[in-house]
Amino acid sequence: MSTTTSDLQSIAEKVGAGKRLSYEDGVRLYESPDIHTIGELANMVRERLHGRTTYYNINLHINYTNYCVLRCQFCSFYKPYSKSDDQNGGYELTVDQIVERAQHAYHQGATEVHIVGGLHPKLPFNYYVDMCRCIRQACPKLHIKAFTAIEIIHFTRISKPRLSIQQVLERLRDAGLGSLPGGGAEIFDDRVHDQVFKSKVGHEGWFDVHRTAHQLGIFSNATMLYGHIEKPTERISHLIKLREHQDESLAKGNAHFNCVVPLPFIPQGSELAHLPGPTGMDDLRTLAIVRLMLDNVAHLKAFWIMQSPKLAQVSLNWGVDDFDGTVVYYDITKGHGQSTTHQELSSDRIKRLIIEAGGVPVERDTLYQRVVRDESDRQKNLQWGGEFNRH
Ligand code: V47
């Protein structure tokens, strides 16, 4: 390892000894020109935790509406509400449409459906409860990972009579919700919040939802949206807040964050389209730093939809052990120069990317249990794009 001559010697020693890195260490990792050592250290931690095992899953993302009461500057997905669909590119799916998609994916071998959407001004709380209940009835073993913390808070506001975060989560869990995705975290910093996503609930709200979920035994993920107006110091503070929260959940023996998902900002189509977004080296450095700073979260995911399949593949040697899944349709961000929301990798392609990166592909379910498939499953072509009538 090149660390003997590196400015990162003391950090390398801490990582070698399994000691926790400080805020100052994190900032130094962002300032250091020694990018290769950072990658090697993150890979060392990754191999200590998981060897070369690399996780992926067979999943389907469903974005049930793009109508949103918020106007976050980084978001190119939201549309102001209009009563008639399609006037301005806005849409909302019915519960039946959602169930049909989930059911189709389930019969093709999906183990997870990942459902998030905008904060719709009109849909009642029952819509979300029905969504979970009807998916659960139609697909008894499909894990429903749904609703960011921001949506959960929205549900507390629209429920009649008004429910607490705990009551909302309990109703959804009883209807079939399995876990929470990590979205909506952005950057936990008041300066960044006030500039870029002012109308969104602050970070205390995000943590309240995840704390309550963890107390109820509901596992969740965490994200960090990077590469817009935030500074490296603000990224490190964000990671330390996540680490402190995870310490709390683990100390109480509660459910906790399974996985952290750094999301590179994609400027295209957003109000911040004049910004360049992160480069590939920033992506790799950030993924590696997240691995090094978050010593108490087991898994680090590259979301290939945003990092791109090729960079996500490279990142498997930079601390990442999870490739997310087949995804199929993704409406929130589109690939560079793409107009379609059909964004899919077959499980065979994912496995090939992992193997070529020196990884051992392991299909997991949402809670990181290995999925064992029989021959009839293996014969299914886990590729189903183009089946739905898309907007
Ligand atoms: O909440 C919005 C972010 C999130 C942009 O938990 C953007 O396993 C980049 O949270 N550029 C949704 N990001 C995605 C998400 C996620 C994805 C994959 C796996 C998991 C998981 C969670 O995407 C939003 C927001 O933070 N986002 N706009 C954009 N222009």
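Treat the numbers as computed from the prediction; the structure is a model and nothing was measured. In listed order, ligands and their atoms are each counted from 1.
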**Asked** Do the charged groups of D130 and R133 touch, with an N to O distance under 4.0 Å?
**Response** yes
**Message:** When you measure from the side chain of E356 to the backbone of L353, do you find a donor-acceptor pair of N or O atoms at a distance under 3.5 Å?
**Reply:** no
**Message:** For the residue pair R28 / S10, report whether a side-chain donor-acceptor contact shorter than 3.5 Å exists.
**Reply:** yes
**Asked** Would you say the side chains of S179 and H143 form a donor-acceptor pair under 3.5 Å?
**Response** yes
**Under the side chain to side chain contact (heavy atoms under 4.5 Å, CB included) test, residues paired with D348 that sit two or more places apart** = S346, K351
**Request:** Return yes if a side-chain donor-acceptor contact under 3.5 Å exists between N254 and S249, otherwise no.
**Result:** no
Filter the ligand 1-protein atom pairs down to N or O on both sides and distance under 3.5 Å, then list them.
unit_1   : atom_1 : unit_2 : atom_2 : d
ligand 1 : 1 (O)  : G184   : N      : 2.8
ligand 1 : 6 (O)  : G182   : N      : 2.8
ligand 1 : 6 (O)  : N221   : ND2    : 3.2
ligand 1 : 8 (O)  : K145   : NZ     : 2.8
ligand 1 : 8 (O)  : N221   : ND2    : 3.0
ligand 1 : 8 (O)  : K301   : NZ     : 2.7
ligand 1 : 10 (O) : G183   : N      : 3.3
ligand 1 : 11 (N) : I266   : N      : 2.9
ligand 1 : 26 (O) : E186   : OE1    : 2.5
ligand 1 : 26 (O) : E186   : OE2    : 3.4
ligand 1 : 30 (N) : F74    : O      : 2.9
ligand 1 : 30 (N) : I266   : O      : 2.9

